[in-house]
Amino acid sequence: MYRIILECDGVPVLVGEEAANDITEAFKANYPHEHNVVCSWNGKSLRLVAENDHDPDGLNLMDEFSDNISAYITDGFDGDIKLIEIEIIA
C-alpha cells in the first residue's frame, strides 16, 4: 500500500477552501480504489493525501487530482501539481 501526497500551487485564494472540500467528497464518492483521501487548503495550495495499492509512482493519482481540480476550479489559473512524497505503508 502506498500513501501519496500531492500538492497544487497557484490556486486562487477565493476558491481554495471550497475546492478542497469538493475534491475530498468527489474522491470518496467516485474513486473507491483510493483510500483515506483528504484534500486540504493551506491558503496558497491544495494538498491531496491518498492511499492505494496500485500506484507506486503516484501518476494515476496525479491524473485524477488534475481532473478534479479542473472540475471544481472553473476559472483558469496557472498552477502546477507536484509529487511531495510516496510512502510505503503496511
Side-chain angles (χ1 to χ4, degrees):
M1 182 80 71
Y2 307 98
R3 178 176 296 128
I4 303 165
I5 302 173
L6 304 174
E7 197 167 86
C8 180
D9 61 8
V11 175
V13 173
L14 295 176
V15 299
E17 183 82 28
E18 184 177 357
N21 293 333
D22 291 342
I23 291 169
T24 297
E25 292 307 313
F27 267 91
K28 289 178 181 178
N30 301 310
Y31 299 88
H33 56 280
E34 306 291 357
H35 308 283
N36 300 319
V37 178
V38 176
C39 185
S40 59
W41 169 247
N42 68 10
K44 60 181 181 175
S45 61
L46 292 171
R47 178 171 277 223
L48 184 74
V49 179
E51 298 171 359
N52 65 50
D53 60 1
H54 65 277
D55 193 13
D57 298 322
L59 297 176
N60 183 68
L61 183 64
M62 192 175 288
D63 186 48
E64 294 168 346
F65 189 31
S66 177
D67 290 347
N68 278 276
I69 289 169
S70 296
Y72 292 104
I73 303 177
T74 55
D75 291 339
F77 68 99
D78 192 21
D80 190 31
I81 298 173
K82 59 186 166 197
L83 175 65
I84 302 299
E85 180 180 1
I86 297 175
E87 176 185 2
I88 297 174
I89 57 175

> Is any side-chain heavy atom of Val15 closer than 4.5 Å to a side-chain heavy atom of Asp75?
Replying inline: no

> What distance separates Leu48 CG from Ser66 OG, expressed to the nearest 0.5 Å?
Replying inline: 11.5 Å

>> Apply the hydrophobic cluster definition, ILVMFWY joined by side-chain contacts under 4.5 Å directly or through others, and give me every member besides Ile5.
In response: Val49, Ile84

>> Using the side-chain contact (heavy atoms from CB on, under 4.5 Å) criterion, which residues pair with Asn60? Sequence neighbours excluded.
In response: His33, Glu34, His54, Asp55, Glu64

> Would a hydrophobic clustering, with Ile, Leu, Val, Met, Phe, Trp and Tyr connected at side-chain separations under 4.5 Å, put Leu83 with Phe65?
Replying inline: yes

> What's the shortest heavy-atom distance between Asp9 and Ser45, and which atoms?
Replying inline: CA-CB, 3.9 Å

>> Using side-chain heavy atoms (C-beta onward) and a distance below 4.5 Å, is Phe77 in contact with Ile69?
In response: yes

> How would you list, by chain and number, every residue that makes a side-chain contact (heavy atoms from CB on, under 4.5 Å) with Leu14, sequence neighbours excluded?
Replying inline: none

>> Glu18: which residues meet the side-chain contact (heavy atoms from CB on, under 4.5 Å) condition with it, sequence neighbours left out?
In response: Asp22

> Hey, what do you get for CG (Asn36) to CD (Glu51), rounding to the nearest 0.5 Å?
Replying inline: 4.0 Å

> Of the non-hydrogen atoms in Met62 and Lys82, which two are nearest, and what is the gap between them?
Replying inline: CE-C, 4.3 Å

> Would you say Ile89 and Tyr2 make side-chain contact, with heavy atoms under 4.5 Å?
Replying inline: no

> Taking atom CG of Asn68 and atom CG of Asp63, what is their separation to the nearest 0.5 Å?
Replying inline: 10.0 Å

> Which heavy atom of Trp41 sits nearest a heavy atom of Pro12, and at what distance?
Replying inline: CH2-O, 4.1 Å

> Ala50 and Leu61: which non-hydrogen atoms are nearest, and at how many Å?
Replying inline: CB-CD2, 3.8 Å

> How close do Ile86 and Pro56 get, heavy atom to heavy atom, and via which atoms?
Replying inline: CD1-O, 3.2 Å

> Nearest 0.5 Å, what's the CD1-SG distance between Ile81 and Cys8?
Replying inline: 5.0 Å

> What are the two closest non-hydrogen atoms of Val13 and Gly43, and how far apart are they?
Replying inline: CG2-O, 4.0 Å

> Can you name the side-chain contact (heavy atoms from CB on, under 4.5 Å) partners of Lys28, sequence neighbours left out?
Replying inline: Thr24, Glu25

> Among all residues two or more places apart in sequence or in another chain, which pass the ring-ring contact (aromatic ring centres under 6.0 Å, His included) test with Phe27?
Replying inline: Tyr31

